[in-house]
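Below is one structure, written out as C-alpha cells; comments come after it.
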Amino acid sequence: MDGFTPWPSDLEARYKAEGYWGDRLLGDVLRGDPGRTALVAGAERLTYAELDRRADRTAAGFLRLGIRRGDRVVVQLPNTAAFVVTFLALVRIGAAPVLALPAHRDSEVRYLCELAEARAYVSAETDGGFDYRSMARTLPVEHVVVDGDAQEFTALADLDIDTGEEPGRPDRPDPSDVGVFLLSGGTTGLPKLIPRTHRDYVYNLQASAEVCGFTRDTVYLVVLPAAHNFALACPGILGVFATGGTVVLAPSGSPDEAFPLIERERATVCAVVPPIAMLWLDAATWSEEDLSSLALLQVGGAKFAAARAAEVPAVLGCAVQQVFGMAEGLLNYTRLDDPRELVERTQGRPLSPADEIRVVDEDGKSVPPGEVGELLTRGPYTLRGYYRAPEHNARSFTPDGFYRTGDLVRELPSGHLVVEGREKDQINRGGDKISAEELENHLLAHPAIHDAAVVGLPDPMMGERTCAFLIVREAALPGGGPALREIKDFLRGRGVAAYKFPDRVEHVDRFPRTPVGKISKKELAARLAAGRPDDQGRGT
Ligand code: OOB
C-alpha cells in the first residue's frame with residue numbers, strides 16, 4: 001500500500017522467527033465456542049456462531065457494493081453491534097476500516113475521507129442528537145452506509161442479507177497488509193492516520209489478553225468508544241473474542257449506565273480513563289448495584305494518580321491495572337502480580353520482550369538510569385511511519401526507526417515507566433487528545449482573532465482542561481473580542497469535535513516569547529497557574 005512504511009526486513013525476519021508475528025488475520029479473531037455469548041449490545045445478544053455469520057454476510061454485502069481488498073472505509077459508529085459487525089466484515093475482505101470517533105464532526109471526518117481516499121463511509125443515523133446522515137451528504141465518498149434509517153443511502157441491514165449464492169471469494173488479505181487505521185492524538189495542524197497491519201495488531205491483542213489474564217470466562221464491559229485502541233485491542237473487544245469471552249457494550253462510562261450492566265451481566269473487566277475511574281470511586285460509595293463480579297479495572301489514557309489507584313481495591317472491590325498506551329503501538333501494563341507499590345505508582349512496563357525502549361535528553365542521548373527524558377520506542381507492534389505523511393515522519397522517528405512518543409518518562413530498575421510529563425504540543429483532556437496546533441488553526445480562522453495559543457490548564461478531575469489565549473485584532477477591540485460561548489459556536493460551525501473546544505478563553509495583548517522567539521506556552525501556563533493570565537511584566 002502506498003504511503004505505508006514497512007518494518008525493515010531484518011526486523012521482519014526476527015519478529016517472525018521469534019513468534020511475534022504469525023499468520024492469523026484480524027478477521028479470524030473469533031475463537032469462542034459457537035454457542036457461547038460473544039456480544040451483548042442493548043437488547044441484542046449474539047453467540048459466536050451468530051456474530052460470525054453476520055460478519056460474513058455483511059462482508060459479502062460490502063463486496064456487492066464493490067469494496068475490495070486494499071480499499072479504505074471510514075467507520076464512525078457508537079458502541080453498537082453494528083460497530084463490531086462492520087469492523088469484522090471489512091477486515092475479512094481486506095478493506096481497512098479508518099476508525100473515526102463518534103464525537104468527530106465534519107472537519108475531522110471529511111479530512112479522514114480525503115486523506116485515506118475512502119471508498120465508503122459507515123455511520124449511525126443519529127446519535128446523541130447529531131444526524132450523521134446530513135453530514136454524510138457532502139462527504140467525498142462513493143458509498144454511504146447507515147446503521148438504521150438510511151434515507152437516500154444504503155442501510156447496513158441491507159448489506160446483511162443471505163442471497164443464497166456464494167459471493168465471489170475475495171482474495172484473502174495477507175498478514176502483512178494494513179488491517180485497520182487508527183487515529184493519532186495529533187500534535188500538528190492535522191490528525192494523522194496510524195496503519196496497523198493484521199499481524200502486528202493480532203499480536204497486540206493476543207499478547208495483551210495473555211498479560212491481562214483474559215479467559216473464556218472474561219466478561220468485558222466496553223464504556224470507552226469501541227473505536228479507541230484501548231477498548232478495541234488492549235486487550236479490548238478483539239482480545240476478548242480471541243480468548244472466547246463475552247463483550248458487553250455500554251453507551252458510556254456513566255455509573256447510571258455502566259453499574260446496572262456490571263450487575264446484570266456479571267462483568268469481570270472494564271477499561272476506563274482516569275475521570276471515569278474517579279467518578280466510579282465516588283459513585284460506588286452510594287450506588288446500590290452489585291459490583292462484586294468486577295475483578296479488574298484497567299485505567300489508562302492519561303495519568304492516574306497513585307492515591308486514587310490505591311483506593312480502587314477497597315472501594316470497587318477489584319484489582320487495578322495501569323495502562324500507558326498509544327494508538328501508535330507501544331503498550332505498558334502493570335502486571336497482575338506486581339507489588340502494590342508498582343501498580344499504584346507506575347504506568348506499567350512494556351507488553352513485549354521485543355519492545356525496545358530508550359529514554360533520551362534533548363540531544364537524543366540516553367539519560368542516566370532513573371532520570372527523566374523523552375521516551376523513544378520501536379518494536380513488533382509500533383508503527384514505522386504515519387500514513388502518507390513523509391515530512392511529519394522525518395520528525396517523528398529517529399533515523400533507526402524509533403518512534404518519538406513526546407512523553408517524558410522515568411524508567412525504574414524493574415523496567416516500569418513513570419510518566420512525568422509531555423513534550424508534545426498536545427492537551428490530554430481526561431484521555432481525549434487535542435492537538436494545540438490544530439485548534440489554533442481553527443481559532444485563527446475567526447475574523448476577530450489575530451493570534452492564538454492553546455495550553456493545558458491543570459484540573460483535578462480531567463487532568464487538564466483547554467485554555468485558549470487570544471490576541472484580538474485591533475478593529476475588533478471595541479467589542480471586547482469573542483467570549484468563550486462565541487468561540488464554541490464558531491468552532492461548532494466549522495464542524496470541529498466538541499471535545500476540542502476550549503474550556504476557557506483569555507484575551508491578552510501579546511504573547512511571552514522564548515529566547516528564539518517562539519510563543520512560550522510554559523510561561524502562559526505559569527501565568528494561568530498564578531492567576532495572572534494577562535501579566536505583561538514577565539518573559540516578554
Ligand atoms: C491511549 O492512546 P492515545 O493514542 O489516545 O494517546 C496516547 C498518549 C500517550 O502518548 C500519552 O501521552 C498518553 O496518551 N497516555 C498516558 C497514559 N496512557 C496514555 N499518559 C499518562 N499515563 C497513562 N497511563 O491513550 C491508549 C492506548 C492504548 C491503551 C491505553 C491508552
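Computed from a predicted structure; not experimentally measured. All ligand and atom numbering here is 1-based and tracks the order in the structure. The first residue of the sequence shown is numbered 1, and numbering continues consecutively from there.
- Between the CD atom of E438 and the CG atom of L443 there is a distance of 10.5 Å, given to the nearest 0.5 Å.
- Scored by the side-chain contact (heavy atoms from CB on, under 4.5 Å) test, T377 finds L330, I357, T382, Y403, T405 as partners (sequence neighbours excluded).
- Remark: the backbone N or O of A436 is not paired with any side-chain donor or acceptor of D425 at under 3.5 angstrom.
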Per-pair distances, ligand 1 N/O vs protein N/O, less than 3.5 Å:
residue, atom, partner, partner atom, Å
ligand 1, 4 (O), A327, N, 2.9
ligand 1, 5 (O), H228, NE2, 3.1
ligand 1, 5 (O), K433, NZ, 3.0
ligand 1, 6 (O), K433, NZ, 3.0
ligand 1, 10 (O), D407, OD2, 2.5
ligand 1, 10 (O), K424, NZ, 2.8
ligand 1, 12 (O), D407, OD1, 2.5
ligand 1, 12 (O), D407, OD2, 3.4
ligand 1, 12 (O), K424, NZ, 3.4
ligand 1, 14 (O), K433, NZ, 3.3
ligand 1, 15 (N), G301, O, 3.4
ligand 1, 18 (N), G301, N, 3.0
ligand 1, 22 (N), K303, N, 3.3
ligand 1, 24 (N), V323, O, 2.8
ligand 1, 25 (O), K433, NZ, 3.0

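- Using a 30° and 60° split on the angle between ring planes, Y386 and H392 fall in the tilted class, from 30° to 60°.
- The aromatic rings of H104 and Y499 are tilted relative to each other, their planes meeting at an angle between 30° and 60°.
- Between E328 and K192 no salt bridge is recorded (no basic side-chain N to carboxylate O distance below 4.0 Å).
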